[in-house]
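Report on the following structure.
Note that the coordinates shown come from a computational prediction; the quantities given were computed from them, not determined experimentally.
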Amino acid sequence: MSSHPSSSDPSGSASGSFHRLHPKVQRWVWSQGWKELRGIQEVAIAPIIGGTQDVILSASTASGKTEAAFLPICSRLAEDSGGSVRAIYIGPLKALINDQFERLDGLCEGLGIPVHRWHGDVSQGHKSRLLKSPAGILLITPESLEALFIRQGSALASLFSGLEHIVIDELHAFIGTERGCQLRSLLHRVELTLRRNVPRVGLSATLGDMPLAAEFLRPGAGEQVTLCNADSGGGELLLQLRGYRKRAPDVERLVSGEESEEGLPEDEHDVGAHLFKTLRGTHNLVFANSRRNVELYADLLRRMCEQAQLPNEFFPHHGNLSKELREEAEAALKAKQRPVNLVCTTTLEMGIDVGAVQSIAQVGVPPSVASLRQRLGRSGRKGGPAVLRLYLQEAELTKTSPLTDQLRVRLIQSVAMLELLLTNWFEPPASGAFHFSTLVQQLLSLIAQHGGVKAGEAFSALCQEGPFARVSREDFVHFLRGLGQRELLSQSSDGTLLLGRVGERIVNHYSFYAAFASVEEFRLVASGRTLGTMPIDQPLFVGTYLIFGGRRWRVLAVQSDEKVVELEPAPSGRVPMFEPASVGGVHDRVREQMRAVYAGDGVPRYLDARAQELLAEARANFQRWGLAERSIITSGREVHVFPWAGDAVAHTLALALQARGLSVETLGAVLSVEGMQSDVEGALRALVAEGPPRDEALTRHVANMALEKHDGFVPEDLLARDYAARYLDVQGAWRAAQRVLQ
DNA sequence: GGTGATCGTGCGTAGA
């Protein structure tokens with residue numbers, strides 16, 4: 001082992017937890033040349049090394065959270081790590097597992113602790129070796145753990161017999177999702193199999209609501225979870241919001257399919273020109289909201305490099321690009337040997353470490369304050385300020401401009417979100433769903449694991465004590481009957497639940513292991529090289545142009561059976577015509593803040609001159625329509641209702657008006673209703689008088705409620721309840737109706 | 001003069 005620096009010995013650190021680590025682990029720390037343990041590593045030792053507590057480690061990106069969890073865990077395993085798998089690490093991404101495997105292997109090698117990784121890209125040979133002589137640490141995805149339950153159900157108890165720790169990385173990515181629900185169920189089923197609890201450690205960078213995260217980590221006993229928080233606190237933030245005017249679309253040009261000389265409208269050029277000027281020569285991330293915009297800007301910026309006779313510095317990065325193209329881009333950014341900018345979707349919000357970047361650019365309305373915060377965390381490490389530039393386009397106004405353009409809702413929503421970001425508020429994760437789709441999966445998986453289960457046992461394992469605690473016994477019986485009718489289940493003469501004909505088929509296909517739904521995608525190939533995949537929902541013709549991988553292509557052939565599109569390089573690409581006002585579920589707080597921005601007169605210092613103009617226009621139009629005093633206005637044949645509340649309230653209100661025979665369109669912040677204002681007011685008054693509407697009265701008007709993977713098997717009434725819990729807010733809508741009428 | 005509405009994650013086995 002290497003030298004022991006005496007003056008800056010890690011054992012000299014303040015709280016002195018270092019000495020509790022195993023001597024070999026201490027030696028590894030010295031060998032790394034670390035002067036001291038990081039804050040989170042220091043505080044994590046005591047609660048984890050005891051081997052009995054559930055722990056959440058919350059600290060910023062690249063703060064050494066993995067080591068914080070595994071220095072104490074490895075200390076416990078250093079003398080003996082055999083007999084069975086002794087610690088499980090669960091990661092949301094294969095790439096993250098590969099990263100952590102490299103890091104952990106270095107630590108564990110000298111300790112004689114075997115480290116195994118297990119996911120879809122790991123060879124059968126490695127997997128069978130672990131099954132033959134299980135030991136040490138297992139790094140695995142939730143899906144592969146699911147596969148273990150189904151394929152190795154009877155061997156699981158011995159495989160995990162001596163399990164002492166379960167570590168969950170990127171905990172926040174699981175909270176409130178189908179995948180997170182699946183994970184909770186799997187963790188619970190591990191403990192049922194072993195007939196004892198196994199301490200859990202959750203790792204995360206951004207956990208706003210710690211009690212909620214703790215309850216997710218250990219359902220029913222969240223208050224007993226030890227919270228270790230070592231965030232350095234908010235550093236300096238440099239912020240700018242840049243406004244742009246977008247010309248009204250030239251219909252003639254759009255109809256004829258003709259494009260401006262450079263193939264793009266000038267508006268994108270303005271944003272692109274500023275991005276090019278400010279970012280080139282350094283390392284930055286550009287978040288562009290959709291894969292389509294990522295491709296658009298990556299292509300534009302690459303061509304600007306060409307024009308300036310520079311080597312390309314801009315690369316696209318999104319989930320449909322092939323692994324090779326993504327890894328090339330990530331490696332180039334991480335290496336920092338030459339200037340590299342990645343134009344990306346949410347792919348670079350979390351996960352693998354690409355190192356700190358100079359700045360973050362956000363093009364278009366951010367999806368949420370929470371994701372903005374996460375994105376910001378990628379810049380300004382090592383003491384420097386975090387830099388965020390937000391680019392926003394608003395349409396040039398004409399006599400017929402729609403109300404949302406007149407009110408500059410994109411700009412105002414972005415200002416509202418930045419204001420909330422500055423007060424340190426961000427959206428809590430979704431909660432309240434029943435997750436019936438994942439209950440289908442977990443029930444079938446439980447049956448496959450044991451070869452069959454009694455209904456009472458299944459209810460107790462999954463609902464009573466498991467993650468589906470909100471499902472009553474009565475509902476469960478109804479649910480089982482529905483699955484029986486659809487041949488997912490059958491029942492033996494002694495009442496044991498078995499897989500039915502359909503159940504057998506879906507469980508035995510590998511696509512069963514994931515809890516989330518996926519769309520059918522085409523593979524894009526150019527001269528034998530796979531560029532990536534793309535969901536294609538409309539017919540593609542030979543000769544069609546498209547942009548992908550940051551370049552322009554022409555379709556040569558479409559092979560529908562093989563789901564392959566063959567491409568050749570092309571000089572021009574199609575451009576999107578419209579940009580949605582916002583994406584995803586906007587929170588109540590954001591819309592309340594928007595109203596405050598409209599009604600106020602302060603001008604945030606981070607607005608550039610054009611953005612200030614647009615803000616002034618928005619406020620003038622807000623006043624002109626009298627929206628400070630009222631929330632219903634009539635324009636032409638449309639009545640506009642402003643509930644100043646989030647998407648759940650707006651959606652509920654729209655359904656309630658539809659239930660009264662009105663034709664309603666939801667445009668984010670505004671509901672547009674066809675008809676007379678008096679009719680709309682009458683409907684709202686009736687709604688207020690009758691009290692909060694019942695779910696069933698509203699979901700009747702929803703065309704498609706089956707949105708999750710196995711929803712098609714769930715009885716209609718249960719599905720409606722799940723839909724209402726996820727997407728509606730009846731109390732909020734009732735209060736909003738009262739406010740609107742005031 | 002008026003469309004369209006996000007992103008991302010994952011996978012076993014047999015047989016050639």
Given [options], the nucleotide with the shortest approach to the side chain of [X]:
X: A:His318; options: B:dG10, B:dG8, B:dG1; answer: B:dG8
X: A:Ser290; options: B:dT6, B:dT13, B:dG10; answer: B:dT6
X: A:Thr400; options: B:dG12, B:dG1, B:dC11; answer: B:dG1
X: A:Pro402; options: B:dC11, B:dG1, B:dG2; answer: B:dG2

Please state whether the phosphate of [N], meaning OP1 or OP2, lies under 4.0 angstrom from any side-chain nitrogen or oxygen of [X].
X: A:Ser144; N: B:dG12; answer: yes
X: A:Arg291; N: B:dC7; answer: yes
X: A:Lys127; N: B:dT13; answer: no
X: A:Gln124; N: B:dG12; answer: no
X: A:Arg326; N: B:dT9; answer: yes

In whole Å, what is the span from the [atom1] atom of [X] to the [atom2] atom of [N]?
X: A:Ile140; N: B:dG12; atom1: CD1; atom2: P; result: 9 Å
X: A:Asn293; N: B:dG4; atom1: CG; atom2: P; result: 17 Å
X: A:Lys709; N: B:dC11; atom1: NZ; atom2: P; result: 12 Å
X: A:Glu638; N: B:dG1; atom1: CD; atom2: P; result: 17 Å
X: A:Asp169; N: B:dG10; atom1: CG; atom2: P; result: 13 Å
X: A:Leu145; N: B:dG10; atom1: CG; atom2: P; result: 15 Å

(request) Let me know, please, whether A:Ala517 or A:Thr666 comes out on the 5' side of the other along DNA chain B by nearest nucleotide. (result) A:Thr666

(message) Need to verify one output field. Residue with the more 5' nearest nucleotide on DNA chain B, A:Tyr510 or A:Thr345?
(response) A:Thr345

(message) Regarding A:Ser371, tell me which of base, sugar-phosphate or nothing describes its non-hydrogen contacts under 4.0 Å with the strands shown.
(response) nothing

(request) With heavy atoms under 4.0 Å as the rule, sort A:Arg179 into base, sugar-phosphate or nothing. (result) base

Between the side chains of [X] and [Y], is a donor N or O closer than 3.5 angstrom to an acceptor N or O?
X: A:His317; Y: A:Glu330; answer: yes
X: A:Gln406; Y: A:Glu617; answer: no
X: A:His435; Y: A:Glu708; answer: no
X: A:Ser445; Y: A:Arg189; answer: yes

(message) Looking at the base of B:dG8, is there any donor atom on it, or on the side chain of A:Thr347, that sits under 3.5 Å from an acceptor on the other one?
(response) no

(request) Could you tell me whether a side-chain N or O of A:Arg375 sits under 3.5 Å from a main-chain N or O of A:Pro366, the two making a donor and an acceptor? (result) no

(request) May I ask whether A:Phe516 stacks on the base of B:dT9, given the cut-offs of 5.5 Å between ring centres and 30° between planes? (result) yes

